[in-house]
Amino acid sequence: MSVYEPNSCHLREVLIFCFNMKKSAAEAHRMLSNIYGEVINERTCRKWFQRFKKSDFHVEDHSGGREKVFEDAELKALLDQDSCQNQKELARSLGVSQSAISKRLKAMGMIQKQGNWMPYELKPRDVERRLFVCL
């Protein structure tokens with residue numbers, strides 16, 4: 001048994017070979033799994049076969065790698081400009097994913113109330129009011 005560990009570029013080149021041999025994505029996945037073990041899932045094979053069908057034979061990763069890093073200050077500046085923006089608009093402005101915005105807002109302690117982003121912390125008078133209501 002070979003000790004060779006295929007990298008993702010090699011696997012994609014093998015997928016091109018299988019595509020040119022008129023194999024289906026499922027057959028290509030089975031062949032790769034028999035040879036290398038479970039190094040790639042069938043869904044990924046199907047995704048690459050779709051690209052090959054569109055004559056896109058570039059084997060480098062199209063995902064762009066690691067997500068863009070942004071500073072909380074950039075996000076805070078956008079919120080100061082317009083606190084009515086939703087997460088999708090904020091993500092588009094910063095060029096990151098919506099989930100990244102969601103995580104940062106949560107870490108910053110911000111919530112959206114009545115369409116505006118504001119700190120989640122209660123003001124002292126709100127704490128007193130809640131205590132009074134509970135009593």
Side-chain angles (χ1 to χ4, degrees):
M1 183 76 180
S2 174
V3 292
Y4 174 72
E5 290 287 326
N7 61 28
S8 58
C9 188
H10 170 78
L11 291 173
R12 292 175 192 140
E13 290 169 346
V14 173
L15 286 175
I16 290 175
F17 175 77
C18 294
F19 178 79
N20 289 328
M21 294 290 293
K22 307 291 187 227
K23 302 287 185 190
S24 69
E27 289 174 311
H29 175 257
R30 246 181 273 117
M31 289 170 54
L32 287 171
S33 295
N34 288 340
I35 296 168
Y36 298 118
E38 194 63 36
V39 293
I40 190 171
N41 63 39
E42 188 174 341
R43 185 176 180 187
T44 304
C45 289
R46 280 186 269 141
K47 178 185 84 169
W48 281 98
F49 267 58
Q50 289 299 316
R51 289 184 179 170
F52 301 153
K53 286 178 186 173
K54 296 175 187 172
S55 298
D56 180 4
F57 294 100
H58 298 285
V59 293
E60 62 275 351
D61 194 3
H62 291 265
S63 66
R66 192 166 169 235
E67 191 172 284
K68 179 188 172 210
V69 178
F70 66 96
E71 300 292 326
D72 287 348
E74 293 176 89
L75 181 57
K76 194 156 184 63
L78 280 175
L79 290 173
D80 289 342
Q81 279 179 357
D82 181 12
S83 65
C84 296
Q85 297 181 73
N86 62 30
Q87 289 182 10
K88 193 177 280 188
E89 292 166 340
L90 291 167
R92 197 176 312 119
S93 297
L94 291 172
V96 296
S97 68
Q98 186 175 344
S99 63
I101 294 293
S102 176
K103 288 175 189 171
R104 293 310 315 144
L105 287 169
K106 188 173 185 176
M108 292 168 61
M110 303 293 279
I111 60 169
Q112 195 171 30
K113 283 192 175 182
Q114 298 176 346
N116 292 317
W117 289 101
M118 55 186 57
Y120 184 69
E121 303 163 7
L122 291 175
K123 295 179 180 139
R125 76 164 197 256
D126 295 328
V127 173
E128 285 179 23
R129 191 177 301 145
R130 285 189 181 189
L131 183 61
F132 180 72
V133 168
C134 289
L135 294 175

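Keep in mind that what you see is a predicted model, and the values were worked out from it rather than measured.
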(request) Would you give the length of the straight line joining atom CG of L75 to atom CG of D80, rounded to the nearest 0.5 angstrom? (result) 9.5 Å

(request) Check whether any side-chain heavy atom of I35 sits under 4.5 Å from a side-chain heavy atom of V14, and report yes or no. (result) no

(request) Identify the two heavy atoms, one from R12 and one from W48, that lie closest to each other, and give their separation to 0.1 Å. (result) NE-CZ2, 2.9 Å

(request) Give the intermediate values and the outcome of side-chain contact (heavy atoms from CB on, under 4.5 Å) for residues R46 and R43. (result) CA-CA 5 Å; R46 280 186 269 141; R43 185 176 180 187; 4.0 Å; yes

(message) Looking at every heavy atom in both H29 and E38, which two are closest together, and how far apart are they?
(response) NE2-OE2, 3.2 Å

(message) Working to the nearest 0.5 angstrom, can you tell me the gap between E89 CD and Q87 CD?
(response) 11.0 Å

(request) Look at the rings of H10 and Y36 and say which category their plane angle falls in: under 30° parallel, 30 to 60° tilted, over 60° perpendicular. (result) perpendicular

(request) Could you grab the distance from atom CG of L105 to atom CG of D72, nearest 0.5 Å is fine? (result) 9.0 Å

(message) Just verifying a value: how many Å separate H58 NE2 and R51 CZ, rounded to the nearest 0.5 Å?
(response) 11.0 Å

(request) Can you measure from CZ (R92) to OG (S97) and round to the nearest 0.5 angstrom? (result) 13.5 Å

(message) Within the structure provided, determine whether R30 and E27 are in side-chain contact (heavy-atom separation under 4.5 Å).
(response) yes

(request) Could you pull out the closest heavy-atom pair between S93 and L78, with the gap in Å? (result) CB-CD1, 3.7 Å

(message) Does any part of the side chain of L32, heavy atoms only, come nearer than 4.5 Å to the side chain of L15, both counted from C-beta?
(response) yes

(request) Evaluate the side-chain proximity of F19 to K53: yes if any heavy-atom separation is below 4.5 Å, no if none is. (result) yes

(message) Atom CZ of residue position F57 - does it have more than 12 heavy atoms of other residues, nucleotides or ligands inside 6.0 Å?
(response) yes

(request) Give a yes or no answer on whether the side chain of Q50 reaches the backbone of K47 with a donor-acceptor pair at less than 3.5 Å. (result) no

(message) Restricting to non-hydrogen atoms, name the atom on E13 and the atom on V59 that form the minimum distance, rounded to 0.1 Å.
(response) CG-CG1, 4.0 Å

(message) Is the shortest side-chain heavy-atom distance between L90 and L79 below 4.5 Å?
(response) yes

(request) Flag yes if F49 and M31 sit in one hydrophobic cluster, no otherwise; membership is Ile, Leu, Val, Met, Phe, Trp, Tyr, and two members link when side-chain heavy atoms are under 4.5 Å apart. (result) no

(request) Taking all non-hydrogen atoms of both residues into account, name the closest pair between C84 and Q112 and its distance. (result) O-NE2, 4.3 Å

